[in-house]
Structures are given as structure tokens and as C-alpha cells.
Amino acid sequence: MSSPRQEAIREIFSTSAPEESSGPAPLQPVVDMQRLFGRDVFGLHAMRERLPRDVYKKMEQTILRRAPLPADIADVVASAIRDWALERGATHYTHWFQPMTGVTAEKHDAFLTPTGDGHAIQEFSGKMLVCGEPDASSFPSGGIRSTFEARGYTAWDPTVPVFILPGKGGNTLHIPTIFYSWSGESLDRKTPLLRSIEAVSRQALRILRIFGDTTATHVSPMVGAEQEYFLVDRRLAALRPDLIMTGRTLSGLHSPKGQELEDHYFGAVPSRVMAFMQDVESRLIALGIPVRTRHNEVAPGQFEMAPLYEEVNIATDHNMLMMNMLRHVAPEHGFVCLLHEKPFDGVNGSGKHNNWSLCTSYGRNLLDPGDTPSTNAQFLVFLAAVLRAVHKHSMALRLGTIGAGNDHRLGANEAPPAIISVYLGDLLQDTLLGIIGEQPAHARNTTMEIGVTTLPPLPRDYSDRNRTSPFAFTGNKFEFRAVGSSQSIAPANIALNSAVACALDDIATELEKALKDGKELNDALKELLPRLFREHMPVVFNGNGYSAEWPEEAARRGLPNLKDTVAALEHYDDPEVMEVFLRNKVLSEAEILARQEILQENYALSVGLEASVLERMLRESILPVTLRAQSEAAGLVAAIRAVEGASTSSPEERRYTAFRTHNTELMAALDELAAAREEMAKKEDAPARARAARDTLLPIMARCREHCDALEAMTDDALWPLPKYAEMLWTH
């Protein structure tokens, strides 16, 4: 008699393998991607077609130039959106927001409104578009409001277009919104992101004005967020309670074949996976999300998709939609999509590389070194601001990458260390060394000088990439590689925008004073830039971030090493960290402290959930099997002794002893884990619960896994109830 696990494996191989064909690929209907792009989005193109000219111009000013939305056009815009949505089969609308849960939230309301005479109309007013009032009592608030106080408000963010998502029986109009409390505090991640965008734009414009740029109306942080994920066959995932409830495996022997041959990376995409990818991409393209790249990642069963660059607010919304779409479409193709940072031990985890740059309103990338010498001094000022931001405010940036899941990944071979440093490449680093008067490590033929017109052009791609750096310059942008795959990119970009805004403020203030005092810009730069680069050169590290020597070197440089989420969160209320957000009014003090408490509570709850799932899974699924195997081993030993006499060195004796030892130790560890969970629940505050989860639960869980994995190696394969690593990683 076969086990459910073996039945699932047989079914996978009997139904999913495509028939081999020696002929050419059959012709498929051509999807017109150009016409499909943005079909389900009420963007500027749809607005131009459906809004009166004067209303359209006002909306265009709001979207492209950040002008306030005039209240008198709300009803007109709402009417046009309603007609457009109804034509596309929408029956409901929802204010779509991003609370502090880390996922998106929505409450659907029907367009249908009874008229009182037995009929109904499809109603959607400006008020319905602009604001809503979802029940906020069960969303995390960090003490900003009591749970019995239910009022929470959503307000339309007109800079991101509304969109339609399909559903069986009817589609739903989604309106991107912010989410805030009755007393006005932010309860979401979009509000501080919007504030941080305004902050960095305001300070960047000061620098541009110093360099004579009077054309730019605003500066936008631009982001391209790569998304890594795992796919597991749905029939196997259904037999793993840990995957279903926590997103990662809490036990499991490593697969005999992992990623060591590096044959999965950029390999041919399996046909089932390709069908899934194409389905997801088509739906995302219809939503105006410019997905462009797809490929196999390093670990077996791991894949990636990546969009082109977008303004960070839109990129954040699009990334949340991308994660939702991956999860929701996967079951239609017989998969479960895992976005956890470390679903499987022993192979690479998943990240979300956050490629960040600054772009003017007329499309100029301020982090592009440029082709003409006259632009390079300005580039160096913005480069100096980024180095200052990362060096001075590295703890704030680290707080943008925290999470129980990401703790399993940061510092491993697939992810940068928790030490925040900057990779510049040899040529750019040597340029800065020349500016500060130090001998470059690599001889150059050109003498580097500071000046508006005297600095030589810098090529875009002048060095290899450093995959171990958490913050690497890649030619015209910085790649923030420490963000976790399941995380919203909002916290990392809130921190990054805020830190760079502070640095730009410092630089602009000094340059403005120098110019006011009568200095020439060139002379002011010659004085300022060497000092800035000398002060912040300790954050530049082009070496191997995985080396054992780097943490010691980083400590000598004064760079913090906050190795886990709990350690990082304890610094959230440090005055110098709070100042990053307070200075440009990105977060208030109450909002900062609320986020600290929410994130500490989330960590404790996440680890506590994993402990609970592990305990039940091992007690209910593993121990019955392994104790039965121990009993059978004891019976075999007794039978052999009856015939051959006592022996302590026979294979049967050793196998029985191993079963008894690991079962006994496992049961003791599970009892200890249950007691530790009860003790953690008694802790009075979130910081204490978070520390207990890290210091007590995780070590006991590791011991449970150690004994469970040893038992997996000993138990008859036909009896083992949980799908194994090799089966989950290599059945696509």
C-alpha cells in the first residue's frame, strides 16, 4: 500500500510530462502585447479619451507634476471611471490599500444602488472615488488607536491609475489609496512612501537649482524591483503543513542533488512553468506592469521575473500586484508559489533586488555619470549624497530589510551580509581616491580633478558586479540587494529616500551658504567634495562581503552589523534613526514608535506560528511513523537476540538505538518548545516577546529539526509522510 506522498508523486509524473515531439513547435495564437499593455488600467490614455479636455489637463497636472487634485473634478472623473469599468464587466469597486500587515487589503462595494421603486442604478460618485471608511479595528496600529476604535479612512492616490482585476461572475475596480486613522496618523506604507518621495524631490531640486537647472519641476526616485520565487507542485505542498501555513519547510533533509552543478540557473524553463509565467505576464501586462525578464534562478524550483524601471510609488504598487498575481495564478497551473525568503534549507533563498535611481521630471537620470565632462560634477554631488546617506544612516536602511524570513537569508551565500556597505567598482573608487588626494589602487592615465568642466567623462559599465554587496553601483543606479522576496519594497525605499533627502539637505545647505558668501561653485565643490568623500569612504567596500575577515574590517571602520531583525528593531527609536524620518516629516514620532512595536510583534507572531506548526506537524505526522518504526526495530532486535544471543554492535541494534535516541530527544525538545511558547505568550510587551522568539524558540526549533531530519534518513521511504526536498525541488 502506497502513501499519499507516493501517490502524489506518481500522479505528477503521469500527468504533467508533455509528449515528446521531434517536429517544429506548433503555431500559437499571437498575443498583441502592445495592444494588451495597460488594457485594464484607467491611465492617461483612457483619461484623454473619456474626460473633458479641461478635466484631463487638471488630472495630467496632478499625475505628472504633483499638483493638488481639484475637488471640483472628482464627480466628473468618477463618472468616467464608472462607465469605463462597467464596460469591462466590473460589478464592484474597492479601495485597495497596504496596511502594516505586509500584504494588501480591500473591501468590495457594489456599484448597484436601489432607487426605492423596485429598480436600481449603477452609482459611483466623486466621494466614493476619493475616500472610504473600512473597519480599521483589526489592522495593526502599534498603539496609535485602541482596537475598539474602528474608524480608519482610505483616500485615493491619483498618481497611481485605478485598475480592474477579473473575478468569476464579475470584475472589480481597484482604487489605490492611502490608509490613515481617525486622528490622522498613517496606518499604512504608502503614506510615508509618498512623503519620502516629496522629501527627496524637494532636496534634489535645491541641488539642481545650484547647478542652474531651472527646468525640472520635481525629481522622482525610480525603482526596478526584481522578484524571485519558488514553485512547488500543489499536490506535494498540500501534504506539507509547514509550507501551507508558514511558506517554508521547517524540516527536511537536503536533496541529494541541489544547486551544486549550477545547471538550473538560466536553464531551459520547464514547459509547465513557462505556461505559468506566460499566464502571469499577460495578466500583469494588461495591468500596465512592464514585466520584461523571466528566467530560472540558481536553486532548483526557483525562478525570477523583473519589470522595467518605474516611479517608486507605482513600482511599489506594481510589485504588490505581482506578488498577488503569482500566488493567485499558481494553483491554476497546479503549483503553489512560495515567496518566503528561505523556503528550503541548503539552497539559495529568494530576494528582491531594489534597483534605485533619481530621475528629473524631464527624464534625466541624476546617477548617470554622463558622456560630457560638464555633467560629471553634478553627478559627483549626488554620488556624495548617496554615500553620506548610506554611511550616516545605515541603521535606518537596515530597518528597511528586516523580517523573520529575511533573517534566514541575509549573510548566506545567496544574499549580502547585514552590514550595509557600498560597492562602487575600481574605476569610480579610484576616481574618489584621486579627489581626496590618495593614491588609487589601480594606476590610471588620466589625472582626476574636480570641477564643472574639468572632470573627465566616466564610462557607464566600468567594472564587474559585486554580488556580495548589499548596495552596489551598477553604472547608473544603485542595487539594494538586501530586500527580502516576500517584503513590500516600500520600507526599504522610504528609508532610502529619507536618508538621501537628509544628505542632500546637508549638501545643499552648505553649497547655498558658500555661494551666498561669494564663492564660485567650482571653488565650493573643490572644498566640499574631497571632504565628503574622505568622511564617507569607510562605507565603500569592493571586496568579498562573504569573507570571514569582512565583519572584523567593518567593525574597525565603525559600520554596524545588526545581524537579525530583533537586534535591528531595538535601534528603531534611537534618536539618530528617528531623525532620518522626522527631519523631512516622513514619519511622526508616534508613527515611528508604532511601527517599531508592530514589527516586533510581527516577528514574535511569525516565529511563534512556525513553532506551533512544527510542534503539531511532528507530533501528528512524524512521531507516529518513527515510533512505529522504533517498535518494529525493537521487535527485530528481540527476534535476532532470541536466535543469536545478545549483541550491541549489530546493524539492527544500532538502528534501534538511533531510533530510540532521536525519538526520545525529539519528544523532549517538543515538550520544551511547547513550554517556551507558553512562556513567551506571558511576556508583557512586544520587545520581550520578540527576544524570546529569537533566543528561545528558534534554537529549540533547530534541535527539533535536527532530530526529525535524522529520523527521515533512517525511516523506510514508503512510510515517510512528508514530501521530501528532492521531490519538491525537482518536479516541475
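Since we're looking at a predicted model, the values are computed, not measured. As a basis for the values below, the full set of heavy atoms in this structure was taken, side chains included, without hydrogen atoms, waters or symmetry mates.
- At least one donor-acceptor pair under 3.5 Å links the side chain of Asn542 to the backbone N or O of Leu424.
- Checked by atom type and distance alone, the side chain of Ser220 never pairs as donor or acceptor with a backbone atom of Met222 at under 3.5 Å.
- Taking 4.5 Å as the limit, every side-chain heavy atom of Glu479 sits out of range of all side-chain heavy atoms of Asn354.
- Contact check on Glu591 versus Arg195 returns a salt bridge, with a Lys/Arg side-chain nitrogen under 4.0 Å from an Asp/Glu carboxylate oxygen.
- Between Leu383 and Leu432, the closest side-chain pair of non-hydrogen atoms falls below 4.5 Å.
- Considering only residues two or more places apart in sequence or on other chains, Ala299 meets the side chain to side chain contact (heavy atoms under 4.5 Å, CB included) condition with Phe230, Gln259, Gln302, Val347, Asn348.
- The shortest distance between side-chain heavy atoms of Arg481 and Pro470 does not fall below 4.5 Å.
- Checking Ser488 against Asn319 by side-chain atom types alone, no donor-acceptor pair falls below 3.5 Å.
- Side-chain contact of Lys352 with Gln227: a donor-acceptor pair under 3.5 Å is present, judged by distance alone.
- Taking 4.5 Å as the limit, every side-chain heavy atom of Phe266 sits out of range of all side-chain heavy atoms of Asn296.
- Salt-bridge annotation for Arg240 and Asp242: present, with a side-chain N of the basic residue lying under 4.0 Å from a carboxylate O of the acidic one.
- For the atom pair CZ of Arg327 and OH of Tyr229, the computed distance is 13.5 Å after rounding to the nearest 0.5 Å.
- The line from CD of Gln203 to CG of Asn497 is 12.0 Å long, rounded to the nearest 0.5 Å.
- One finds the CZ atom of Arg534 at 11.0 Å from the CG atom of Leu529 (value rounded to the nearest 0.5 Å).
- Glu341 and Arg248 are not joined by a salt bridge, as no carboxylate oxygen comes within less than 4.0 angstrom of a charged side-chain nitrogen.
- Without hydrogens or angle criteria, Glu228 side chain to Gly351 main chain gives a donor-acceptor distance under 3.5 Å.
- Closest approach of Ala604 and Met680 over heavy atoms only: O-CE, 3.8 Å.
- Aromatic ring centroids of Phe303 and His264 lie under 6.0 Å apart.
- Of the possible donor and acceptor atoms, none in the side chain of Glu310 sits under 3.5 Å from a partner among the backbone N and O of Gly224.
- For the pair Ile598/Asn602, a side-chain contact is recorded, criterion being any heavy-atom separation below 4.5 Å from C-beta on.
- With 3.5 Å as the limit, one finds a donor-acceptor pair spanning the side chains of Tyr725 and Thr249.
- For the side chain to side chain contact (heavy atoms under 4.5 Å, CB included) test, residues two or more places apart in sequence or in another chain that qualify with Arg703 are Ala669, Glu672, Ile700.
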Note to self: One pair to check against side chain to side chain contact (heavy atoms under 4.5 Å, CB included): Asn365 and Leu358. What are the steps and the verdict?
What the structure shows: CA-CA 6 Å; Asn365 183 351; Leu358 290 172; 5.6 Å; no

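- Side chain of Ser357 to backbone of Lys477: no donor-acceptor contact under 3.5 angstrom is found.
- For Arg202 and Asp505, the salt-bridge test fails: no basic side-chain N is under 4.0 Å from an acidic carboxylate O.
- Residues Leu582 and Leu587 are not in side-chain contact: their nearest non-hydrogen atoms beyond the backbone lie 4.5 Å or more apart.
- Contact detail for Ala404 and Val607: the closest heavy-atom pair is CB-CG2, 4.2 Å.
- Met323 has its side chain out of reach of Cys337: every pair of non-hydrogen atoms, C-beta onward, lies at least 4.5 Å apart.
- Here the options are Trp356, Phe473, Phe382, the test is ring-ring contact (aromatic ring centres under 6.0 Å, His included), and the partner is Phe478; only Phe473 passes.
- Heavy-atom minimum distance, Arg409 versus Ala482: NH1-O, 3.5 Å.
- Here the straight-line distance linking atom OG of Ser498 with atom CG of Leu397 works out to 9.5 Å at 0.5 Å rounding.
- A salt bridge is defined here as a Lys NZ or Arg NE, NH1 or NH2 lying under 4.0 Å from an Asp or Glu carboxylate O, and Asp564 with Arg691 fails to meet this definition.
- Not a single donor-acceptor pair under 3.5 Å links the side chain of Ser486 to the backbone N or O of His340.
- Between Leu559 and Ile420, every side-chain heavy-atom pair lies at or beyond the 4.5 Å cut-off.
- Interatomic distance, Ile489 CD1 to Asn355 CG, rounded to the nearest 0.5 Å: 10.0 Å.
- Residues Ala384 and Ile507 share a closest heavy-atom pair of C-CD1, 4.3 Å.
- Contact check on Arg388 versus Glu535 returns a salt bridge, with a Lys/Arg side-chain nitrogen under 4.0 Å from an Asp/Glu carboxylate oxygen.
- In the model, Asn544 has no side-chain atom that pairs as donor or acceptor with a side-chain atom of Glu549 under 3.5 Å.
- A salt bridge does not link Arg294 to Glu304: none of the charged side-chain nitrogens sits closer than 4.0 Å to a carboxylate oxygen.
- No donor-acceptor distance shorter than 3.5 angstrom exists from the side chain of Thr293 to the backbone of Met305, with no hydrogens or angles considered.
- Residues Asp263 and Lys257 are paired through a salt bridge, judged by an N-O separation under 4.0 Å between the basic side chain and the carboxylate.
- If you take SG on Cys708 and CG on Leu614, they are separated by 7.5 Å, rounding to the nearest 0.5 Å.
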